[in-house]
Amino acid sequence: MSAKKLIRNPLWATLLATLVAAVVSYLVFVPNSEAAPAADGKYSPYIINGEPVPNGKYPFMSFLEITFTDGSDADNKPDPFICGGSLIDADSVLTAAHCVTPETPGQRLLDLKVTVGPTVLPSNQGQVRSVKRVFIHPNNNGFAYDAAVLKLSRPVSGI
């Protein structure tokens, strides 16, 4: 089909434009399935082509180390798991409610440590705080309204 006929026939022009738009959208928006190597040489399926962040660029970012009891013994302290958060004022961090909610009956929150402003983990960067109170959104059901505010033991300074 010649270019003149293609331009005169709007159906073909529309189909061709749609096909080109679909191919471009696929190439732009569908992520590459290859994982980028991490600093330790291992591959991560979650961060692709990440770039190092300069120290202090995102001082409001928070690193949470959370430990729950297993429900059988309050002294049994399993390995903590981690979550992220964001400093929303000098003594409050916003995070996901599922980070601070036990997964199984009988568990309870045993320890919650917040480090505000770290760039490299693990390191001595950031300001470490304990949490004196946890506020979970009243409509949280495990999926919707997945928000919690952590009231820190003392304010973070300089951020």
Just to verify, what does Y145 make a ring-ring contact (aromatic ring centres under 6.0 Å, His included) with, not counting sequence neighbours?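 H137.
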
S86: side-chain contact (heavy atoms from CB on, under 4.5 Å) partners, not counting sequence neighbours: F60

Under the side-chain contact (heavy atoms from CB on, under 4.5 Å) test, which residues partner I88, sequence neighbours left out? S92, L94, V149

Hey, could you give me each pair passing disulfide bond (SG atoms under 2.5 Å apart) that has a residue in [range]? Not counting sequence neighbours.
range            : result
residues 109-159 : none
residues 130-159 : none
residues 94-159  : C83-C99

Considering only residues two or more places apart or on different chains, which pairs with a residue in [range] satisfy salt bridge (charged side-chain N to carboxylate O under 4.0 Å, His left out)?
range            : result
residues 56-66   : E65-K113
residues 136-154 : D91-K151
residues 121-136 : none

What pairs of residues pass the ring pair (Phe, Tyr, Trp, His ring centres under 6.0 Å) test when at least one of them lies in residues 93-135, not counting sequence neighbours? none

Taking the side chain as C-beta and beyond, is there a heavy-atom pair between L87 and L152 under 4.5 Å?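 Counting from C-beta outward, L87 and L152 do come under 4.5 Å.
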
Sub-4.5 Å side-chain heavy-atom contact between F68 and L110: no

Can you confirm whether N124 is buried at CG, in the sense that more than 12 heavy atoms of other residues, nucleotides or ligands lie under 6.0 Å from that atom?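 No, because the 6.0 Å sphere around CG of N124 holds 12 heavy atoms or fewer from other groups.
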
Non-hydrogen atoms of S62 and V114 that approach each other most closely: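 It is CB-CG1, 4.1 Å.
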
Can you name the nearest heavy-atom pair linking A147 to N140, along with the distance? N-ND2, 4.5 Å

Please tell me whether V128 and V116 are part of a single hydrophobic cluster in this structure, the criterion being side-chain heavy atoms less than 4.5 Å apart. no

Tested for side-chain contact (heavy atoms from CB on, under 4.5 Å) against I66, the lone hit among T101, I82, L112 is L112

Under a 3.5 Å distance rule, please check whether T95 uses its side chain to pair with a backbone N or O of G84 as donor and acceptor.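 The answer is yes, because a donor-acceptor pair under 3.5 Å joins these two groups.
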
How long is the gap from CD1 on I159 to CG on D89, to the nearest 0.5 Å?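 One finds 12.0 Å between CD1 of I159 and CG of D89.
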
With side chain to side chain contact (heavy atoms under 4.5 Å, CB included) as the test, would you mind laying out the steps for V131 and L64 before giving the verdict? CA-CA 10 Å; V131 174; L64 284 59; over 6 Å; no

